[in-house]
Amino acid sequence: MEMNSKIFEQWIEKQLVPALPKKSLIVMDNASYHSVRVEGTKPPTSNSRKGDMVDFLNKLGVEFDMKKTKPKIYEIIKSKKIDPVYKVDEFLKKKGHEVLRLPPYHCEFNPIELIWGNLKGFVGQENSTFKQNDVKSLIQKGFEQINSTTWFNSCNHVKNNIEPKYWQNDAIQDEIQKIIIHIESDSEIESESENDDLSDGDETEDYEWP
């Protein structure tokens with residue numbers, strides 16, 4: 001069965017939440033079925049009706065000229081920084097938990113990727129018949145080998161090996177020397193320029209003006 005938002009939300013409610021300690025932190029990636037927004041919080045697109053755009057801005061309490069054209073109103077919407085509100089996040093917050101969402105395309109920060117890697121490796125090594133039922137049995141056996149120590153080591157690997165590399169790269173900056181610029185008047189610049197012209201040769205001649 002393919003995962004979708006409905007199945008995921010049911011799993012959150014029926015299985016995950018009852019098994020969580022109080023005030024847990026849930027690390028969430030940005031899979032589409034994790035990221036269904038609360039109805040009415042998703043900003044309109046350029047193809048939306050003008051009325052929907054107007055309603056959205058009114059809910060935000062944004063003052064604007066109702067006589068503006070649809071493209072102009074959409075420009076106002078794009079100029080507002082609107083944080084997404086996700087259904088599962090709101091549900092978990094009401095249950096006393098906190099959700100930490102990973103940056104897009106950075107699944108390496110999630111320890112569960114290491115768990116999946118270990119499971120796939122186990123099934124790949126032990127699979128000799130390539131029959132569906134045998135593979136299911138291996139998957140179940142692989143899950144049974146995942147314990148609190150496995151999770152602890154995976155979390156520590158992310159914390160002690162993956163995260164420091166990003167912190168280090170993020171902190172690298174080229175050392176920039178101070179540059180002091182003296183702003184002089186035009187007359188001073190012209191005077192210096194004339195003096196430079198006169199000092200180009202080894203010797204200077206005296207000019208007698210008539």
Side-chain angles (χ1 to χ4, degrees), residues 2-46 60 75 77-127 138-179:
E2 186 176 354
M3 179 62 75
N4 56 43
S5 60
K6 185 176 181 180
I7 296 174
F8 179 68
E9 289 166 14
Q10 289 177 347
W11 177 80
I12 288 281
E13 181 180 358
K14 304 296 184 182
Q15 293 186 257
L16 179 64
V17 170
L20 287 175
K22 293 182 178 180
K23 297 182 179 180
S24 292
L25 175 66
I26 297 95
V27 179
M28 192 93 64
D29 64 23
N30 297 278
S32 59
Y33 51 85
H34 294 169
S35 306
V36 176
R37 298 197 185 198
V38 174
E39 187 176 355
T41 64
K42 187 175 181 179
T45 67
S46 58
L60 292 178
E75 289 297 322
I77 293 174
K78 289 198 301 181
S79 68
K80 302 297 177 183
K81 187 179 184 302
I82 304 168
D83 294 326
V85 183
Y86 300 113
K87 290 178 65 176
V88 291
D89 294 34
E90 294 302 298
F91 175 79
L92 289 165
K93 288 177 185 177
K94 290 178 181 178
K95 297 296 182 179
H97 306 296
E98 184 179 352
V99 177
L100 174 64
R101 285 190 169 259
L102 299 176
Y105 313 111
H106 283 76
C107 60
E108 65 271 25
F109 289 128
N110 197 340
I112 200 173
E113 296 296 335
L114 298 173
I115 300 295
W116 288 125
N118 291 337
L119 179 62
K120 291 176 183 178
F122 170 78
V123 173
Q125 290 178 356
E126 299 296 325
N127 186 15
L138 286 174
I139 292 173
Q140 183 61 41
K141 186 176 180 180
F143 274 125
E144 292 172 355
Q145 295 180 4
I146 299 171
N147 52 34
S148 58
T149 301
T150 311
W151 274 105
F152 180 81
N153 291 338
S154 298
C155 291
N156 266 355
H157 177 77
V158 172
K159 181 179 179 181
N160 298 327
N161 295 284
I162 305 299
E163 291 182 5
K165 292 180 181 179
Y166 280 89
W167 282 114
Q168 183 180 12
N169 292 338
D170 190 55
I172 292 178
Q173 294 181 354
D174 293 329
E175 185 176 349
I176 301 176
Q177 297 181 348
K178 291 184 178 179
I179 299 175

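Fair warning: this is a prediction, and the values are worked out from it, not measured in the lab.
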Below 4.5 Å, heavy atoms only, C-beta onward: do V85 and R37 meet side chain to side chain? no
Hey, are the side chains of Y86 and V99 touching, using non-hydrogen atoms and a 4.5 Å cut-off? no
What heavy-atom pair brings H97 and K23 nearest, and what distance separates the two atoms? ND1-N, 3.7 Å
Heavy-atom closest pair (I12 atom, L92 atom, distance to 0.1 Å) is CG2-CD2, 3.9 Å
Spatial distance of atom NZ (K93) from atom CG (D89) [nearest 0.5 Å]: 6.0 Å
For H34 and V88, work out which heavy atoms get closest and say how close. O-CG2, 3.3 Å
May I ask you to check whether over 12 heavy atoms, not counting those of W116, lie within 6.0 Å of atom CH2? no
Polar side-chain atom of N160 near backbone of N156 as donor-acceptor pair, under 3.5 Å: yes
With rounding to the nearest 0.5 angstrom, report the NZ to OG distance, K159 to S154. 14.5 Å
For the atom pair CD (E126) and CD1 (I139), what is the distance rounded to the nearest 0.5 Å? 13.0 Å
Can you find a heavy atom in the side chain of I146 that is under 4.5 Å from one in the side chain of N118? no
About how many Å separate CG of L114 and CD1 of I162, when rounded to the nearest 0.5 Å? 7.5 Å
Does the side chain of C107 reach to within under 4.5 Å of the side chain of D29, using non-hydrogen atoms? no
Quick one: pull up NZ in K95 and CG in L16 and give me the separation to the nearest 0.5 Å. 12.0 Å
Kindly indicate whether the side chain of T150, heavy atoms from C-beta on, has any atom under 4.5 Å from the side chain of Q145. no
Taking only residues two or more places apart in sequence, or in another chain, which ones meet K78 in a side-chain hydrogen bond (donor to acceptor under 3.5 Å, both in side chains)? E75
Whether Y166 and H106 hold their rings parallel, tilted or perpendicular, with breakpoints at 30° and 60°: perpendicular
Looking at P43 and I82, what are the two nearest heavy atoms and their distance? CG-CD1, 4.1 Å
Specify the closest pair of heavy atoms between V17 and F91, including all atoms of both residues, with the distance to one decimal. CG2-CE2, 3.8 Å
CE/M28 to CD1/I26 distance, rounded to the nearest 0.5 angstrom? 7.0 Å
